[in-house]
Amino acid sequence: MKISTKTRYGMRLMIDIAQHQGEGRVALKDVAERQDVSKKYLEQVVAPFVSAGLLSVTRGAQGGYRLTRPAQDITLADIVGASEEGLELLTCLMDASTCERVDGCCSRGIWCGLQGAINAYLEGQTLADVALCDKGSLLMSH
């Protein structure tokens, strides 16, 4: 499993919007400036979040993006799930029929445990949790 660049930038986008939506709708050009990412690339990054119902968009001079629900109600799993097709470490964890050795695989339990830990961590952290972190600090809880 490798987290895509779009997902990493998508996380930054969502955090930025959460941090600035108190000022009104957040313009993508402002996010691009603050995050040092091209606006054109962010236009691609933002689309899955709108499709997933995490962001709403208003066009026009006073337009921009807003979270569709409070940041404390959006988990990091929601964000990653909207931008990644799947976060499974191994295909056999989601579909046992993809491996003929799944029944006798001694290591499958290890990978299931690791997958569970990743999922639990992402589900246990909200956008509000990370939007409040100080710039430069790392989120190291749990």
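Along the sequence shown, the residues carry numbers beginning at 1.
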Show your working on side chain to side chain contact (heavy atoms under 4.5 Å, CB included) between Ile74 and Leu67 and close with a plain yes or no.
-> CA-CA 9 Å; Ile74 299 173; Leu67 301 176; 4.1 Å; yes
Could you name each residue pair satisfying salt bridge (charged side-chain N to carboxylate O under 4.0 Å, His left out) that touches residues 42-71, not counting sequence neighbours?
-> Lys39-Glu43, Arg69-Asp78
Sequence neighbours left out, what passes salt bridge (Lys or Arg N to Asp or Glu O under 4.0 Å) with Lys29? Give chain and number order.
->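 None.
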Do Val31 and Leu42 pass the side chain to side chain contact (heavy atoms under 4.5 Å, CB included) test, and can you show the C-alpha distance, the side-chain angles, and the key distance before you say yes or no?
-> CA-CA 8 Å; Val31 176; Leu42 282 182; 3.8 Å; yes
Can a donor-acceptor pair be found between the side chains of Glu123 and Asn119 at a distance below 3.5 Å?
-> no
Just verifying a value: how many Å separate [X] [atom1] and [Y] [atom2], rounded to the nearest 0.5 Å?
{"X": "Arg101", "Y": "Cys106", "atom1": "CZ", "atom2": "SG", "value": "9.0 Å"}
{"X": "Asp16", "Y": "Glu33", "atom1": "CG", "atom2": "CD", "value": "11.0 Å"}
{"X": "Lys40", "Y": "Leu28", "atom1": "NZ", "atom2": "CG", "value": "12.0 Å"}
{"X": "Phe49", "Y": "Thr68", "atom1": "CZ", "atom2": "OG1", "value": "12.0 Å"}

Out of Leu127, Val130, Leu13, which one pairs with Ile79 under the side-chain contact (heavy atoms from CB on, under 4.5 Å) rule?
-> Leu127
Least distance between heavy atoms, Lys6 atom then Val45 atom | O-CG1, 3.7 Å
Looking only at heavy atoms, which two atoms of Leu89 and Trp111 are closest? And how far apart?
->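 Reported closest heavy-atom pair: CD1-O, 3.9 Å.
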Would you call His20 and Asp30 a side-chain contact if the rule is heavy atoms closer than 4.5 Å?
->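 Not touching, per the 4.5 Å side-chain cut-off.
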Answer yes or no: is there a side-chain heavy-atom contact under 4.5 Å between Gln21 and Tyr65?
->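 No; the side chains remain at least 4.5 Å from each other.
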Does the Gln19 side chain pair with the main chain of Ala131, one donor and one acceptor, at a distance under 3.5 Å?
->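 Such a contact is found between Gln19 side chain and Ala131 backbone.
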Audit row: Leu54, Met14, side chain to side chain contact (heavy atoms under 4.5 Å, CB included) steps and yes/no | CA-CA 9 Å; Leu54 297 175; Met14 292 294 287; 4.0 Å; yes
side-chain hydrogen bond (donor to acceptor under 3.5 Å, both in side chains) filter on Thr7, not counting sequence neighbours, yields Ser4, Ser83, Glu84
Steps toward side chain to side chain contact (heavy atoms under 4.5 Å, CB included) verdict (Arg25, Ser56) | CA-CA 9 Å; Arg25 293 203 170 267; Ser56 66; 3.4 Å; yes
Please indicate whether Glu23 has more than 12 foreign heavy atoms, meaning atoms of other residues, nucleotides or ligands, lying under 6.0 Å from its CD.
-> yes
